Asker: 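Below are the structure tokens for one structure; questions will follow.
Chain letters run A, B, ... following the sequence lines, proteins first, then strands; residues in each count from 1. Keep in mind it's a predicted model, so treat the numbers as computed, not measured.
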2 protein chains.
Amino acid sequence: MYIKMSEPNYAKLEASNPHLDKEKPYPLAGILVVDFTHVLSGPTCTRMLADAGARVIHIERKTGDDTRHMGPYIADGSSEYFRICNAGKESIALDLKDPKDHALAEKMIAKADVVVENFRPGVMARLGFDPEEMVKKYPKLIFASVSGFGQYGPWSKQAAYDTIIQAVSGLMDATGEPNGKPTRVGTSVSDVVAGIMGYSAITTALVARERTGKGTTIDVSMLDSTFSLMVQDLMLALGPHEVPHRIGNRHPDMYPFDTFDCQDQPIAICCGNDHLWGLLSHALGHEEWINQADFKTNDLREKNWQKVKNAMQDVLKTKPAAEWDKILHEAGVPAGLVLNVDKTRRLDQIIERGMVKTLPDGNEVLGSPLKYGTWNSYGLQKDAPKLDEQGEQIRKEFE
Amino acid sequence: MYIKMSEPNYAKLEASNPHLDKEKPYPLAGILVVDFTHVLSGPTCTRMLADAGARVIHIERKTGDDTRHMGPYIADGSSEYFRICNAGKESIALDLKDPKDHALAEKMIAKADVVVENFRPGVMARLGFDPEEMVKKYPKLIFASVSGFGQYGPWSKQAAYDTIIQAVSGLMDATGEPNGKPTRVGTSVSDVVAGIMGYSAITTALVARERTGKGTTIDVSMLDSTFSLMVQDLMLALGPHEVPHRIGNRHPDMYPFDTFDCQDQPIAICCGNDHLWGLLSHALGHEEWINQADFKTNDLREKNWQKVKNAMQDVLKTKPAAEWDKILHEAGVPAGLVLNVDKTRRLDQIIERGMVKTLPDGNEVLGSPLKYGTWNSYGLQKDAPKLDEQGEQIRKEFE
């Protein structure tokens with residue numbers, strides 16, 4: 001895979017890409033979402049709803065969403081954190097303790113298809129919008145709550161942050177070298193995955209509502225969502241009742257299936273069978289490895305993995321990773337460079353798939369990973385709103 | 001949070017939990033899924049469909065799904081890998097190159113609401129089931145493909161494994177210590193998240209089909225899905241155009257927000273403001289930290305984070321992590337133990353949420369993180385099928 005590293009003109013490239021046809025209808029066109037979310041898990045969920053063409057009205061406090069006051073900032077002073085979470089949405093600033101604003105919020109809920117919130121459990125009830133009560137009152141409503149530990153259970157009221165969930169879920173303990181320390185995943189994966197699970201639950205509930213007319217509450221937690229990522233370790237813990245242990249970057253049962261140091265940076269190489277091992281041995285100029293007594297089967301390579309790794313790295317360290325990447329791909333060996341995301345965003349594959357897109361104001365945000373033949377696959381097309389940008393219009397519409 | 005570590009009787013506990021009422025209707029009841037998937041990303045998607053109550057018919061090759069032959073195995077010789085991916089589904093073994101079996105598969109597709117596959121792009125077309133052609137022929141069909149790099153784009157035909165996607169997406173480079181190496185996330189997060197995104201796209205398309213009558217192809221990739229997890233680093237790379245760098249377990253802007261060594265094992269502690277810092281300083285018996293010149297604001301603590309960490313660890317190392325966990329929670333300081341998933345699965349919160357459940361045959365599998373008020377939140381209730389277990393019945397039904 002040849003990797004282009006210039007600064008891409010995303011807007012120009014997307015305009016000529018038929019897969020990203022911006023005129024296609026959206027799958028959730030006509031769905032109204034009232035969005036009480038803040039920071040990361042909830043806004044990820046409602047951004048996905050905006051990508052699918054739902055109208056998302058983001059209710060912010062009078063001082064604005066927390067992320068408006070968190071970096072990184074761009075030259076005009078606006079927060080990129082807020083942008084990546086809230087592009088494509090409308091904004092209205094409300095004080096939910098003010099009776100007039102409270103009444104407006106309830107009028108919006110009454111007309112909504114979906115409400116999403118990610119306060120700590122109990123907060124919406126204290127604000128007068130208890131999820132169960134709201135669904136009783138508006139039986140077609142889908143009222144989704146995303147939280148750290150869930151709406152019920154002994155831990156439900158405890159404070160949760162991504163780092164705490166990564167710790168408690170087993171994810172951190174599973175990540176890193178066996179002789180090193182538990183390692184946090186270098187993105188807020190527990191927040192983001194809870195947001196995606198929230199979206200999954202909402203769309204599931206929308207299907208059920210179309211078929212039965214019934215709404216529902218939804219309760220998605222960061223802990224449940226992160227725990228459900230742990231499939232390999234859970235196989236061990238739930239099946240043969242073995243305690244899993246972290247093993248660095250390598251695969252538990254196949255070798256070479258790991259990262260390897262080259263002259264400049266690491267490369268991932270994945271050879272899960274003898275055929276691929278043969279291709280790799282040729283590509284590295286060591287055909288003798290194919291029949292070597294301690295390397296010739298996967299079981300032997302797995303047993304002697306450190307020796308295999310050292311032998312491979314002795315060769316790989318003679319050239320830069322990008323050269324090896326080219327050589328290995330031409331040889332049919334599955335491989336990939338270990339890239340910083342600032343390089344990933346410039347890959348032709350990422351650009352062609354519209355995974356970075358340009359808003360009308362010229363700012364760039366994450367694209368949508370959900371691609372359809374019939375429906376719009378570009379996702380949201382509106383700039384991140386200014387605080388209360390649509391407030392006046394929304395008040396007129398719902399009051 | 002008090003952590004119980006006995007071997008839980010999941011079946012007994014779930015029976016008395018009203019949130020896990022097994023009699024509730026399923027949100028996707030009546031939806032027929034034909035499942036051509038194998039190994040991990042595809043089966044994760046179809047397992048979620050089974051959790052939502054869809055009927056999932058898993059088409060296996062005559063020798064069985066690959067994961068039937070992958071460990072870990074339990075005492076009866078069955079694969080736990082297969083079980084965690086395929087419980088709740090029906091199985092039919094087909095040779096898609098045999099004309100009779102091929103015709104049966106097409107009859108199943110003709111009646112299906114959803115088809116899911118995760119072969120390399122082009123394989124379904126070579127088998128005579130080109131996704132676009134199938135949707136033209138059966139216009140209400142939703143035909144979902146999950147792949148490494150996607151159905152189009154310059155990399156679409158390349159081999160992808162979770163490790164390669166973690167490398168290329170930027171996730172591995174973002175994970176680990178700044179002076180250490182890029183670190184693979186200790187679960188196949190790229191596979192699993194692509195499966196969840198596949199589920200999201202399918203349910204979105206089902207909503208659209210209910211409203212318009214139109215089916216669609218779906219194209220979800222592991223690379224797009226993993227890239228979309230990288231929100232924090234993308235804020236830097238797309239906003240101010242800075243190159244992000246991994247920073248271990250700590251938060252980029254808040255301190256203490258990190259993991260800390262205790263006498264026996266680490267604990268995560270997250271204090272994002274001066275109020276929590278005050279509570280923490282009291283709990284650790286160092287009230288003088290609150291007004292200490294180099295610790296008193298978040299900016300100072302962030303600047304002097306290594307000094308803060310050392311000072312905290314000097315105290316934390318005097319007691320085991322579980323004791324500190326109790327002390328800190330009583331003091332109102334957000335904290336969580338770094339647990340192995342074999343401990344996580346025994347947490348009262350995980351059990352109460354039904355995140356491990358017992359199949360009729362007595363084996364335990366992962367529960368569903370999607371919890372609803374109106375709909376079944378327990379998820380699938382059927383054992384993993386034996387190879388071709390429902391084959392005869394399915395042949396009679398569709399031939």
Asker: Can you find a heavy atom in the side chain of A/His251 that is under 4.5 Å from one in the side chain of B/Asp162?
Answerer: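 A/His251 does not reach B/Asp162 side chain to side chain.
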
Asker: Could you measure the distance from the CE atom of B/Met230 to the OG atom of A/Ser188? Nearest 0.5 Å is fine.
Answerer: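 Between atom CE of B/Met230 and atom OG of A/Ser188 there are 10.5 Å.
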
Asker: Keeping A/Asn249 on the side-chain end and B/Arg184 on the backbone end, is there a donor-acceptor pair under 3.5 Å?
Answerer: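 Looks like yes, one N/O pair under 3.5 Å.
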
Asker: What part of B/Leu40 is in contact with chain A, defined as an atom under 4.5 angstrom from a non-hydrogen atom: side chain, backbone, both or neither?
Answerer: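 It is the side chain, since no backbone atom gets that close.
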
Asker: Does a side-chain heavy-atom distance below 4.5 Å link A/Thr187 with B/Leu171?
Answerer: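 A/Thr187 reaches B/Leu171 side chain to side chain.
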
Asker: Tell me the closest heavy-atom pair linking A/Ser228 and B/Met355, and the distance in Å.
Answerer: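 Looking at all heavy atoms of both residues, the closest pair is CB-CE, 4.4 Å.
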
Asker: Give a yes or no answer on whether the side chain of A/Thr183 reaches the backbone of B/Gly176 with a donor-acceptor pair at less than 3.5 Å.
Answerer: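 Side chain of A/Thr183 to backbone of B/Gly176: no pair is present.
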
Asker: Please answer whether the main-chain N or O of A/Val185 pairs with a side-chain N or O of B/Thr175 as donor and acceptor at a distance below 3.5 Å.
Answerer: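 Judged by distance alone, no pair lies under 3.5 Å.
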
Asker: Give a yes or no on whether the backbone of A/Glu210 and the side-chain of B/Glu210 come within a donor-acceptor separation of less than 3.5 Å.
Answerer: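 Side chain of B/Glu210 to backbone of A/Glu210, a donor-acceptor pair under 3.5 Å: no, none is there.
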
Asker: Quick one: side chains of residues 192-209 of chain B, donor-acceptor pairs under 3.5 Å with protein atoms, not counting sequence neighbours, listed by atom name and distance.
Answerer:
from     : atom 1 : to       : atom 2 : distance (Å)
B/Tyr199 : OH     : A/Thr204 : OG1    : 2.6
B/Ser200 : OG     : A/Ser200 : OG     : 2.9
B/Ser200 : OG     : B/Ile196 : O      : 3.2
B/Thr203 : OG1    : A/Thr203 : OG1    : 2.7
B/Thr203 : OG1    : B/Tyr199 : O      : 3.0
B/Thr203 : OG1    : B/Ser200 : O      : 3.0
B/Thr204 : OG1    : A/Tyr199 : OH     : 2.6
B/Thr204 : OG1    : B/Ser200 : O      : 2.6
B/Arg209 : NH1    : B/Asp113 : OD1    : 3.3
B/Arg209 : NH1    : B/Lys140 : O      : 3.1
B/Arg209 : NH2    : B/Asp113 : OD1    : 2.8

Asker: Using only atom types and a distance under 3.5 Å, with no angle test, would you say the side chain of A/Asn340 pairs donor to acceptor with the backbone of B/Pro244?
Answerer: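 Here the side-chain-to-backbone pair exists.
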
Asker: Going by heavy atoms in the side chains, are B/Thr163 and A/Met254 under 4.5 Å from each other?
Answerer: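 Heavy-atom side-chain distance check fails, nothing below 4.5 Å.
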
Asker: Given heavy-atom pairs under 4.5 angstrom as the criterion, report whether the side chain, backbone, both or neither of B/Asp261 touches chain A.
Answerer: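 It is the side chain, since no backbone atom gets that close.
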
Asker: Can you name the residues that form a ring pair (Phe, Tyr, Trp, His ring centres under 6.0 Å) with A/Tyr26, not counting sequence neighbours?
Answerer: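 So A/Tyr26 forms no ring pair (Phe, Tyr, Trp, His ring centres under 6.0 Å) with any residue.
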
Asker: Just wondering, do A/Lys371 and B/Asp224 contact through their side chains at under 4.5 Å, heavy atoms?
Answerer: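 They are in contact (side-chain heavy atoms under 4.5 Å apart), so the answer is yes.
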
Asker: Do the side chain of A/Glu352 and the main chain of B/Pro154 share a donor and acceptor less than 3.5 angstrom apart?
Answerer: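 Not confirmed, A/Glu352 side chain does not pair with B/Pro154 backbone.
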
Asker: Kindly say whether B/Leu236 contributes a backbone atom to a donor-acceptor pair with the side chain of A/Asp342 at under 3.5 angstrom?
Answerer: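 Not confirmed, A/Asp342 side chain does not pair with B/Leu236 backbone.
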
